[in-house]
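See structure below.
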Amino acid sequence: MTEDKLHFIDEDMAALKDAGLMINIRTIGSPAGAWMVVDGKRVLNLCTNNYLGLANDPRLKAAAKRAVDDWGVGPAAVRTIAGTLALHVELERRLAAFKGVDDSLYVQSGFCANQAVIPALVGREDVIFSDRLNHASIIDGCRLSRAKILVYEHCDPQDAERVIAENIGQYRRALLVTDGVFSMDGDVAPLDQLYEAAARHNVITMVDDAHGEGVLGRGGRGIVDHFHLHGKIDVEMGTLSKAFGVVGGVIAGSRKVVDYLRQKARPLLFSSAVTAADTAACLAAVDVLEESTELVDRLWDNARFFKAEMQKLGFDTGQSVTPITPVMLGEAPLAQRFSRRLFEEGVFAMAIGYPTVPQGLARIRVMMSAALSREDIAFGLQAFARVGQEMGVI
Ligand SMILES: *Cc1c(COP(=O)(O)O)cnc(C)c1O
């Protein structure tokens with residue numbers, strides 16, 4: 001009898017289950033809003049990246065519907081052959097103006113944006129300085145580039161400068177890349193000091209602002225705006241899939257850099273363009289953000305309120321200074337049981353464990369949203385208090 005060549009899968013799956021790391025993928029049966037239908041049950045949504053409630057906003061939906069009538073459903077080409085619609089060009093112009101840069105590029109996702117940028121800027125003879133906790137899509141982009149990857153300690157500009165100074169002489173070009181807001185902890189990179197360290201050694205700088213876009217800065221203009229670093233950070237990449245409520249990635253920077261990426265970015269050359277409906281919905285999101293800061297202000301009010309109340313209850317919310325609120329629990333099986341009990345209490349908040357976060361730092365990650373009312377948040381806090389007491393966490 002020959003051995004099953006896929007037997008390793010059985011072993012790996014059993015190991016995941018034993019470690020409490022098997023992901024329970026839930027099925028969503030309604031739009032992302034304050035309340036959602038999840039696996040057939042109506043629950044409070046503390047789990048999506050719908051920071052501003054735009055994922056189900058009537059203005060965005062209307063724009064998407066109109067675009068389907070005007071443009072059909074698919075562009076049927078990659079951007080560099082026949083897929084660049086006037087809508088894409090308009091969105092890129094509007095996003096550049098919103099963020100205060102020369103130009104921008106709209107790609108299929110934030111994940112794609114990192115794959116588009118990093119291998120275009122650095123290669124085999126170059127070096128990348130990367131924060132220890134950078135997002136997986138940054139890490140994959142770095143690996144694809146074949147540049148040497150040197151890690152500096154998390155959010156530590158002094159360590160970044162040490163690693164730069166010790167190594168830069170051996171390479172042709174250098175790139176420093178960091179998350180803006182770290183998606184699992186909700187802390188913010190000290191981008192001003194990282195910029196200074198990089199500038200002293202003439203290192204190219206890039207920030208992944210996936211969780212800062214629509215959240216940080218004036219009216220959600222992002223981390224570069226937050227730190228007043230306009231014109232200093234060479235590449236800002238972000239996503240339109242989180243606070244913007246739609247889908248797609250954005251790469252923003254100088255005309256020189258963006259024009260170069262139009263020639264070199266592989267997701268632009270080898271994968272079809274984003275649909276007209278999504279692009280039109282993103283344009284409507286820019287309209288909403290430029291019109292008023294109301295949603296961004298409400299998001300921050302809710303975030304401050306929720307975090308303060310959780311701390312009063314005795315929960316450890318880690319290093320967060322943003323609407324991302326980790327509830328630190330330690331071991332993954334405990335976090336999974338906690339999440340299941342919250343779900344029974346009518347609250348949807350997922351447990352996050354290794355490899356998304358380090359071993360022993362499992363947590364429930366709560367995402368605050370402008371879509372939540374104070375009554376909704378109070379409901380969530382009561383559920384956390386009940387489950388936390390029952391499980392001996394508080
Ligand atoms: C979510 C996220 C991405 C990926 O964005 P998508 O548009 O969902 O592909 C990239 N970087 C960071 C830091 C993220 O949190």
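Each ligand, and each atom within it, is numbered from 1 in the order the structure gives.
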Practice prompt. Would you confirm whether the ring centroid of W35 sits within less than 6.0 angstrom of the ring centroid of F348?
Written response: no
Worksheet entry | Residue I23 excluded, over 12 heavy atoms near CD1 under 6.0 Å | no
Practice prompt. Determine, using heavy atoms of S137 and all atoms of ligand 1, whether some pair is separated by less than 4.0 Å.
Written response: yes
Fill in: The one among A113, C112, A210 that brings a heavy atom closest to atom 12 (C) of ligand 1
A210
Practice prompt. Return a yes/no value for G110: is any of its N or O atoms, backbone included, closer than 3.5 angstrom to an N or O of ligand 1?
Written response: yes
Worksheet item: For ligand 1, which atoms, with element, lie under 4.0 Å from some heavy atom of S183?
Response: 15 (O)
Item to complete: Output the list of atoms in ligand 1 that are nearer than 4.0 Å to some heavy atom of S241, sorted by atom number.
Response: 6 (P), 7 (O), 8 (O)
Worksheet entry | Exceeds 12 heavy-atom contacts within 6.0 angstrom, atom NZ of K256 | no
Practice prompt. Check each atom of ligand 1 against the heavy atoms of S109 and keep those under 4.0 Å away; list them by number with element.
Written response: 7 (O), 9 (O)
Worksheet item: Considering only heavy atoms of F111, which atoms of ligand 1 have at least one such atom less than 4.0 Å away?
Response: 4 (C), 5 (O), 6 (P), 9 (O)
Item to complete: Using a strict 4.0 Å cut-off to heavy atoms of H211, name the atoms of ligand 1 that fall inside it.
Response: 15 (O)
Fill in: Min N/O separation T239 to ligand 1 under 3.5 Å
yes
Fill in: Any N or O of M237 closer than 3.5 Å to N or O of ligand 1
no
Discussion item. With heavy-atom distances below 4.0 Å as the criterion, list the atoms of ligand 1 near D208.
Written reply: 10 (C), 11 (N), 12 (C), 13 (C)
Discussion item. One thing to verify: whether K99 and E213 come together as a salt bridge, which I'm taking to mean a side-chain N less than 4.0 angstrom from a carboxylate O.
Written reply: yes
Worksheet item: For atom 14 (C) of ligand 1, what's the nearest protein heavy atom and its distance?
Response: K242 NZ, 2.8 Å
Discussion item. So for ligand 1, is N114 a polar contact partner (N or O within less than 3.5 Å, distance only)?
Written reply: no
Worksheet item: Using 30° and 60° as the class limits, which term best fits the ring planes of F338 and F384: parallel, tilted or perpendicular?
Response: tilted
Worksheet item: Would you call D69 and R66 a salt bridge, using N to O less than 4.0 angstrom?
Response: no
Practice prompt. Indicate, with yes or no, if L54 and Y51 share a hydrophobic cluster defined by side-chain heavy-atom contacts under 4.5 Å among Ile, Leu, Val, Met, Phe, Trp and Tyr.
Written response: yes
Practice prompt. Any chance you could lay out the side-chain hydrogen bond (donor to acceptor under 3.5 Å, both in side chains) test for D208 and N134, step after step, and finish with the verdict?
Written response: CA-CA 9 Å; D208 176 339; N134 271 349; over 6 Å; no
Practice prompt. Would you please classify the geometry between the H88 ring and the Y106 ring as parallel, tilted or perpendicular, with 30° and 60° separating the classes?
Written response: tilted
